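Working notes, structure below.
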Amino acid sequence: MEEPGGGGGGGFRKELVSRLLNLHFRDQKTKVSRDALQLMVEFLRIFVVAAVRGVRQAQAEDLDIVDVEQLEKVLPQLLLDF
(Lines give C-alpha, C1' and ligand atoms only; values in the text may rest on other atoms or scores of the structure.)
Protein backbone atom coordinates (compact mmCIF):
# COMPACT_ATOMS: atom_id res chain seq x y z
CA MET A 1 0.00 0.00 0.00
CA GLU A 2 1.65 3.19 -1.14
CA GLU A 3 0.75 6.77 -0.44
CA PRO A 4 -0.72 9.02 -3.11
CA GLY A 5 1.69 10.49 -5.59
CA GLY A 6 4.07 7.59 -5.19
CA GLY A 7 3.42 6.40 -8.71
CA GLY A 8 3.46 2.77 -7.60
CA GLY A 9 -0.21 2.12 -8.26
CA GLY A 10 -0.75 0.75 -4.75
CA GLY A 11 -4.29 0.15 -3.66
CA PHE A 12 -7.00 -2.41 -3.11
CA ARG A 13 -8.11 -4.77 -5.86
CA LYS A 14 -11.73 -4.22 -6.85
CA GLU A 15 -12.37 -7.95 -6.68
CA LEU A 16 -11.24 -8.06 -3.05
CA VAL A 17 -13.39 -5.10 -2.02
CA SER A 18 -16.38 -6.53 -3.86
CA ARG A 19 -15.95 -9.87 -2.10
CA LEU A 20 -15.62 -8.21 1.31
CA LEU A 21 -18.76 -6.15 0.72
CA ASN A 22 -20.72 -9.19 -0.45
CA LEU A 23 -19.75 -11.10 2.70
CA HIS A 24 -21.62 -8.55 4.80
CA PHE A 25 -24.78 -8.12 2.75
CA ARG A 26 -27.86 -9.66 4.32
CA ASP A 27 -29.48 -10.34 0.95
CA GLN A 28 -27.33 -12.46 -1.38
CA LYS A 29 -28.98 -10.76 -4.37
CA THR A 30 -27.55 -7.34 -3.45
CA LYS A 31 -25.26 -5.97 -6.16
CA VAL A 32 -22.71 -3.15 -6.08
CA SER A 33 -22.45 -0.88 -9.11
CA ARG A 34 -19.08 -0.29 -10.75
CA ASP A 35 -19.07 3.36 -9.62
CA ALA A 36 -19.95 2.45 -6.03
CA LEU A 37 -17.20 -0.17 -5.99
CA GLN A 38 -14.64 2.32 -7.30
CA LEU A 39 -15.73 4.82 -4.65
CA MET A 40 -15.35 2.21 -1.91
CA VAL A 41 -11.86 1.26 -3.16
CA GLU A 42 -10.81 4.92 -3.05
CA PHE A 43 -12.37 5.39 0.41
CA LEU A 44 -10.45 2.40 1.79
CA ARG A 45 -7.20 3.65 0.25
CA ILE A 46 -7.62 7.07 1.86
CA PHE A 47 -8.55 5.48 5.18
CA VAL A 48 -5.39 3.36 5.17
CA VAL A 49 -3.18 6.32 4.20
CA ALA A 50 -4.66 8.33 7.09
CA ALA A 51 -4.08 5.44 9.50
CA VAL A 52 -0.47 4.99 8.39
CA ARG A 53 0.23 8.71 8.76
CA GLY A 54 -1.38 8.65 12.20
CA VAL A 55 0.93 5.82 13.23
CA ARG A 56 3.97 7.71 11.94
CA GLN A 57 2.86 10.81 13.85
CA ALA A 58 2.46 8.79 17.04
CA GLN A 59 5.90 7.26 16.54
CA ALA A 60 7.40 10.73 16.06
CA GLU A 61 5.85 11.71 19.40
CA ASP A 62 7.16 8.52 21.07
CA LEU A 63 3.64 7.25 21.72
CA ASP A 64 2.52 3.63 21.68
CA ILE A 65 -1.11 4.39 20.78
CA VAL A 66 -2.59 6.44 17.95
CA ASP A 67 -5.18 8.80 19.36
CA VAL A 68 -7.47 11.40 17.84
CA GLU A 69 -4.81 14.07 18.33
CA GLN A 70 -2.39 12.32 15.94
CA LEU A 71 -5.08 11.92 13.29
CA GLU A 72 -6.01 15.59 13.67
CA LYS A 73 -2.38 16.54 13.10
CA VAL A 74 -2.13 14.60 9.81
CA LEU A 75 -5.55 15.63 8.48
CA PRO A 76 -4.37 18.91 6.84
CA GLN A 77 -1.59 17.03 5.06
CA LEU A 78 -4.08 14.40 3.89
CA LEU A 79 -6.45 17.05 2.55
CA LEU A 80 -3.61 18.67 0.58
CA ASP A 81 -3.10 15.39 -1.28
CA PHE A 82 -6.38 15.90 -3.10
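Throughout, numbering of the chain's residues begins at 1 and tracks the sequence. Given the structure is predicted, the values throughout are model-derived calculations rather than measurements.
If you check the side chains of Gln38 and Glu42, you find no donor sitting under 3.5 Å from an acceptor.
Each of Val17 and Leu39 belongs to its own hydrophobic cluster when Ile, Leu, Val, Met, Phe, Trp and Tyr are linked at side-chain heavy-atom distances under 4.5 angstrom. The cluster map of Ile, Leu, Val, Met, Phe, Trp and Tyr, joined by side-chain heavy atoms under 4.5 Å apart, puts Val74 and Ile46 in different clusters. Residue Val52 is grouped with residue Val41 when hydrophobic side chains (ILVMFWY) are merged at heavy-atom distances under 4.5 angstrom, including chains of intermediate members. In terms of hydrophobic clustering, with Ile, Leu, Val, Met, Phe, Trp and Tyr side chains grouped at heavy-atom distances under 4.5 Å, Val55 and Val48 are assigned to different clusters. Placement of Val66 and Leu75 in two distinct hydrophobic clusters is found when ILVMFWY residues are connected by side-chain heavy-atom separations under 4.5 Å, directly or transitively.
For the atom pair CD (Glu69) and CD1 (Ile65), the distance works out to 11.5 Å, reported to the nearest 0.5 Å. With values rounded to the nearest 0.5 angstrom, Ser18 atom OG is found 12.5 Å from Arg34 atom CZ. With rounding to the nearest 0.5 Å, the separation of CE in Met40 from CZ in Arg45 is 14.0 Å. Atom CD of Gln57 sits about 11.5 Å away from atom CD of Glu72, to the nearest 0.5 Å. The structure places CG of Leu37 at 12.5 Å from CZ of Phe12, a figure rounded to the nearest 0.5 Å. Atom CZ of Arg56 sits about 14.5 Å away from atom CD of Glu61, to the nearest 0.5 Å.
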One pair to check against side-chain contact (heavy atoms from CB on, under 4.5 Å): Leu71 and Val68. What are the steps and the verdict?
CA-CA 5 Å; Leu71 294 174; Val68 174; 5.6 Å; no
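Note on Lys73 versus Asp67: no salt bridge recorded, every NZ/NE/NH1/NH2 to OD/OE distance being 4.0 Å or above.
Within a 6.0 Å sphere centred on CG of Leu23, other residues, nucleotides and ligands contribute more than 12 heavy atoms. By the neighbour-count criterion of 12 heavy atoms within 6.0 Å, atom CZ of Phe25 is densely surrounded, having more than that number from other residues, nucleotides or ligands. Heavy-atom neighbours of Asp64 CG from other residues, nucleotides or ligands within 6.0 Å: at or below the threshold of 12.
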